[in-house]
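For reference, the structure I am asking about is given below.
Sequential numbering from 1 along the given sequence is applied to the chain's residues.
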Amino acid sequence: MRVDVVSIFPEYLAPLRLSLLGRAQEDGILQLSVHDLRDFTADRHRTVDDTPYGGGAGMVMKPEPWALALEAVLAELPETNEAPTLIVPSPAGEVFTQALAEELAQEPSLTFACGRYEGIDERVLEWAAEHFRVRPVSLGDYVLNGGEVAVMAMVEAVGRLLPGVVGNPESLVEESHSDGLLEYPVYTKPSSWRGHDVPDVLLSGNHGLIARWRREQQFRRTAARRPELLEGADPAEFTGREREVLRELGYDVVDGRLVRQ
Ligand code: SAM
């Protein structure tokens, strides 16, 4: 996958060269290019922002450097039938989820436009829609200073799904959010530590019992920490024992859907 990031702080993205994603770049699985938006300005001060029309606090990113930067990225992207995807990080975008990460991991390329200040002149998104599939995406319901941290999170979440990036692909299957539930608790040696013991079942060697315990823990943890993830689920997706656990946890079936009482 090819990833292009446009930012006024290209050095902010340096951590993406480390660890598993760094190795993915060495192995040619991921090609990451970071572009400095200021390289696409024409004035001595390399200006990328100006005051907002209509007044108000803060500055807005000027459209022209963005158009030139995105045109330069487009010129480097290989020809494809579909327009390439442009992700515009924004607290006003759709919320980034594991499902979206999985969808984006299928793309041959992703381009990210990191906003700063009060954001990017809206006309850039209108213009970009003529060349890209534009998706404003939010990391969550809070406001960051710029898009770079959001891009790092998104590129890491997408990048680790690319074949060959994570050593054992099995470890991607049972993770939190891969099946709508949170992951079960995990333990390592020693089996007894500062008065806290690893649950006996994990030492039993009985794989059937371990799998059942882990599944039950997924329900317990999800109900305790993120009950809304179970709300509205179709109970037919769960086994009889799982429905029993869900009942214990306060869920009931109403009109064929799980509802927390
Ligand atoms: N005035 C904007 C608003 O209220 O929607 C917020 C601008 S924010 C200070 C500057 C930039 O940070 C945004 O253009 C965006 O690129 C990035 N950003 C801030 N919060 C974000 C979030 N939750 N998810 C993704 N990007 C975010």
Review point. Side-chain heavy atoms under 4.5 angstrom apart, residues restricted to Ile, Leu, Val, Met, Phe, Trp, Tyr: same cluster for Leu258 and Leu229?
Key: no

Practice item. Let me know which of Leu144, Val48, Ile8 forms a side-chain contact (heavy atoms from CB on, under 4.5 Å) with Arg116. Key: Ile8

Check your understanding: So with a 6.0 Å cut-off around CG of Asp27, is the heavy-atom count from everything else above 12?
Key -> yes

Check your understanding: Any donor-acceptor pair under 3.5 Å linking the side chain of Arg221 with the backbone of Glu183?
Key -> yes

Exercise for review: Name all pairs fulfilling the ring pair (Phe, Tyr, Trp, His ring centres under 6.0 Å) condition that reach into residues 206-248, sequence neighbours left out, sorted by first residue then second.
Suggested key: Phe219-Phe238

Review point. Rounded to the nearest 0.5 Å, how far apart are SG of Cys114 and CD1 of Ile87?
Key: 11.5 Å

Check your understanding: What's the spacing between Asp179 CG and Arg215 CZ if we round to 0.5 Å?
Key -> 5.5 Å

Check your understanding: Is the CD atom of Glu228 crowded by more than 12 outside heavy atoms at less than 6.0 Å?
Key -> yes

Review point. Is the side chain of Glu231 donor-acceptor paired with the backbone N or O of Pro227 at a distance under 3.5 Å, no angle test?
Key: no

Check your understanding: Do Leu182 and Arg226 have side-chain heavy atoms sitting under 4.5 Å apart?
Key -> yes

Point to revise | Contacts of Asn206 that satisfy side-chain hydrogen bond (donor to acceptor under 3.5 Å, both in side chains) - sequence neighbours left out | key: none

Review point. Is Val155 reachable from Leu20 through a run of hydrophobic residues whose side-chain heavy atoms are each under 4.5 Å from the next?
Key: yes

**Study point:** Closest contact, heavy atoms only, Pro52 versus Gly56
**Key:** CG-O, 3.7 Å

Exercise for review: Compare all side-chain heavy atoms of Leu110 with those of Met1 and state whether any distance is below 4.5 angstrom.
Suggested key: yes

Check your understanding: Any side-chain heavy atom of Asp36 sitting closer than 4.5 Å to one from Arg46?
Key -> yes

Review point. How many angstroms lie between atom CG of Leu32 and atom CG of Leu13, to the nearest 0.5 angstrom?
Key: 7.0 Å

Check your understanding: What do you reckon, is OH of Tyr142 surrounded by more than 12 foreign heavy atoms closer than 6.0 Å?
Key -> yes

Review point. Are side-chain N/O atoms of Thr111 and Asp4 paired as donor and acceptor at under 3.5 Å?
Key: no

Point to revise | Sidechain-backbone polar pair: Ser19 side chain, Leu21 backbone, donor-acceptor under 3.5 Å | key: no

**Study point:** Neighbour count above 12 (heavy atom, 6.0 Å) for Glu82 CD
**Key:** no

Revision key, fill the gap. Of all heavy-atom pairs linking Glu242 and Glu237, the shortest is OE1-O, 4.5 Å

Point to revise | Flag if over 12 foreign heavy atoms under 6.0 Å of OH, Tyr117 | key: yes

Point to revise | Whether over 12 other heavy atoms sit under 6.0 Å from Arg212 CZ | key: no

Check your understanding: Do Val151 and Phe40 belong to the same hydrophobic cluster, where Ile, Leu, Val, Met, Phe, Trp and Tyr are linked whenever their side-chain heavy atoms lie under 4.5 Å apart, directly or via other members?
Key -> no

Review point. Side-chain contact, heavy-atom cut-off 4.5 Å: Val60 with Glu122?
Key: no

Check your understanding: side-chain contact (heavy atoms from CB on, under 4.5 Å) between Arg241 and Glu216: does it pass, once the steps are laid out?
Key -> CA-CA 9 Å; Arg241 170 67 193 140; Glu216 196 172 310; 2.9 Å; yes

Check your understanding: Do side-chain atoms of Arg220 reach the backbone of Tyr184 as a donor and acceptor pair under 3.5 angstrom?
Key -> no

Review point. Under the 3.5 angstrom rule, does the side chain of Arg243 hit a backbone N or O of Pro235 as a donor-acceptor pair?
Key: yes

Practice item. Begin from the C-alpha positions of His177 and Thr97 and carry the test side-chain contact (heavy atoms from CB on, under 4.5 Å) through to its verdict. Key: CA-CA 8 Å; His177 304 296; Thr97 59; over 6 Å; no

Study note, to complete from the structure: Here the gap from Leu37 atom CG to Trp66 atom CH2, rounded to the nearest 0.5 Å, amounts to 5.0 Å

Check your understanding: Would you call Arg247-Glu244 a salt bridge at under 4.0 Å N-O?
Key -> no

Exercise for review: Kindly give the heavy-atom pair with the smallest separation between Ala113 and Pro89, and that separation in Å.
Suggested key: O-CD, 2.9 Å

Revision key, fill the gap. For Pro136 and Leu125, the nearest pair of non-hydrogen atoms, with its separation, is CG-CD2, 4.2 Å

Check your understanding: Is the number of heavy atoms from other residues, nucleotides or ligands under 6.0 Å of Glu156 CD greater than 12?
Key -> no

Check your understanding: Taking side chain as C-beta onward, heavy atoms only, is Val165 less than 4.5 Å from Leu30?
Key -> no

Exercise for review: Begin from the C-alpha positions of Glu94 and Arg135 and carry the test side-chain contact (heavy atoms from CB on, under 4.5 Å) through to its verdict.
Suggested key: CA-CA 8 Å; Glu94 66 180 301; Arg135 292 184 82 154; 3.0 Å; yes

**Study point:** Backbone of Arg123 reached by a side-chain donor or acceptor of Glu126 within 3.5 Å
**Key:** no

**Study point:** Val73 and Val6, any side-chain heavy atoms less than 4.5 Å apart
**Key:** yes

Point to revise | Arg257 and Asp252: CA distance, side-chain angles, deciding distance, side-chain contact (heavy atoms from CB on, under 4.5 Å) verdict | key: CA-CA 8 Å; Arg257 296 273 144 195; Asp252 239 331; over 6 Å; no

Practice item. Look up atom OG1 in Thr222 and atom CD in Gln217, then write down how far apart they are to the nearest 0.5 Å. Key: 10.5 Å

Check your understanding: Are Leu68 and Leu74 co-members of a hydrophobic cluster defined by side-chain heavy atoms under 4.5 Å apart?
Key -> no

Study note, to complete from the structure: Note: Leu86 and Ala128 closest approach over all heavy atoms is CD2-CB, 3.7 Å

Exercise for review: Measure the shortest side-chain to side-chain distance between Leu203 and Val198 over non-hydrogen atoms and say whether it is less than 4.5 angstrom.
Suggested key: yes

Exercise for review: Give the minimum heavy-atom separation between Gly167 and Pro169, together with the two atoms involved.
Suggested key: O-CD, 3.4 Å

Check your understanding: Distance from Asp121 atom CG to Tyr53 atom OH, nearest 0.5 Å?
Key -> 9.0 Å

Practice item. Kindly check if the number of other-residue, nucleotide or ligand heavy atoms within 6.0 Å of CG (Asp43) is above 12? Key: yes

Practice item. Answer yes or no: is there a side-chain heavy-atom contact under 4.5 Å between Met152 and Pro15? Key: yes

Check your understanding: Are Val201 and Tyr187 connected in a single hydrophobic cluster, I mean Ile/Leu/Val/Met/Phe/Trp/Tyr linked by side-chain heavy atoms less than 4.5 Å apart?
Key -> yes

Check your understanding: Got a donor-acceptor contact below 3.5 angstrom from the Arg2 side chain to the Gln31 backbone?
Key -> no

Point to revise | Chi angles and distances behind the salt bridge (Lys or Arg N to Asp or Glu O under 4.0 Å) call for Arg133, Glu107 | key: CA-CA 11 Å; Arg133 281 172 291 146; Glu107 299 281 339; 2.9 Å; yes

Point to revise | Gln25 side chain vs Leu16 backbone, donor-acceptor pair below 3.5 Å | key: yes

